[in-house]
Amino acid sequence: MLASAISPRDRMIVALDLPSVKEARAMVDGLGDTVSFYKIGMELTYSGGLPLARELVREGKKVFLDLKLHDIPNTVTRATAQVAELGATFLTVHAYQQTMRAAVAGLGGSKLRLLAVTVLTSYDDADLREAGFALSVRDLVIKRSLQARECGIDGIVLSAEEAEALRPIVGPDVLLVTPGIRPSGFELADQKRVMTPGRAIAAGVDYLVIGRPVTQAKDPKAAAEALLAEIEQAAA
Ligand SMILES: O=c1ccn([C@@H]2O[C@H](COP(=O)(O)O)[C@@H](O)[C@H]2O)c(=O)[nH]1
């Protein structure tokens, strides 16, 4: 689906990085209709977040399970098949060919869409060098994105900094999903490759993942409304 066909509200995915289901539930209730799409990652999954994922799906919200699967193929295939039962929209796997192929094999006939994490947005070129990679962030993102497409993955997780260069390389059908979104003036914290929501939309990103700028705001609903307004304006 082309980005222009996705409603601006659905393009904003709020990361529920909170320590308990109770706090996550309160956040969702407080955000109300402003947010239609939630990401449940490791922190919440390890504190009972999967039943909440089912609940949110039942309530008509979209859910992105950011589990970043990476294991031997048999395990990845079977884990993906389990996740496919939950009714989530997106699941992440790391962008290793063996892992991506195994995840695709676990989809069965489900509607779950797979996203491959190329290079974490907390990494820069120096971090990659330290980890033993010879490629720059940009080149590794490109290489892994092409491999993801070849493996039948639906979309890729990258930083908005790479999105504009990547779109013509991967074509219009691969979803570009970007964490590392920071409204102007918000602290970067552990993120190294960042962009504002408006600039990310202009760079051709399909979905923006936004955590702390909403969840750590004094007024999360007001923060989410401001972010949505910026997205709507950039998408118009
Ligand atoms: O490369 C990646 C992959 C995933 N994430 C996740 O996105 C959110 C970002 O949260 P912020 O608070 O807006 O920084 C978080 O859940 C990460 O696990 C990422 O940041 N980068």
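One-based numbering, in listed order, for ligands and for the atoms of each.
- Considering both main-chain and side-chain atoms, R182 comes within under 3.5 Å of ligand 1 through a nitrogen or oxygen pair.
- Under 4.0 Å from ligand 1, not a single heavy atom of L158 appears.
- When only modelled atom types and interatomic distance are considered, Q191 and T121 share a side-chain donor-acceptor pair under 3.5 Å.
- Ring geometry for F64 against F90 counts as perpendicular: the plane angle is over 60°, on a 0 to 90° scale with 30° as the lower cut.
- With a 4.0 Å heavy-atom cut-off, ligand 1 is reached by the side chain of P213 but not by its N, CA, C or O.
- With a 6.0 Å radius and a threshold of 12 heavy atoms from other residues, nucleotides or ligands, E23 has its CD atom above the threshold.
- At a heavy-atom cutoff of 4.0 Å, ligand 1 is contacted by both the backbone and the side chain of L120.
- At most 12 non-hydrogen atoms from other residues, nucleotides or ligands lie less than 6.0 angstrom from CD of E130.
- Contacts between M42 and ligand 1 below 4.0 angstrom, taking non-hydrogen atoms only, are absent altogether.
- Using a 4.0 Å heavy-atom cutoff, Q216 is absent from the residues neighbouring ligand 1.
- Aromatic ring orientation, F37 versus Y207: perpendicular (interplanar angle above 60°, classes split at 30° and 60°).
- Using 4.0 Å as the threshold, E43 has no heavy atom nearer than that to any atom of ligand 1.
- Remark: minimum distance from atom 21 (N) of ligand 1 to any protein heavy atom is reached at T121 OG1, 2.7 Å.
- Contact of the I181 side chain with the V194 side chain is not registered, since no non-hydrogen atoms from C-beta on lie closer than 4.5 Å.
- Remark: minimum distance from atom 17 (C) of ligand 1 to any protein heavy atom is reached at K39 NZ, 4.0 Å.
- Ligand-side atoms of ligand 1 in range of V209: 7 (O), 8 (C), range being under 4.0 angstrom from any heavy atom.
- Backbone and side-chain nitrogen or oxygen atoms of A15 are examined, and none is located within less than 3.5 angstrom of a nitrogen or oxygen of ligand 1.
- Y46 belongs to a hydrophobic cluster with M42, counting contacts under 4.5 Å between side-chain heavy atoms of Ile, Leu, Val, Met, Phe, Trp and Tyr, direct or through other members.
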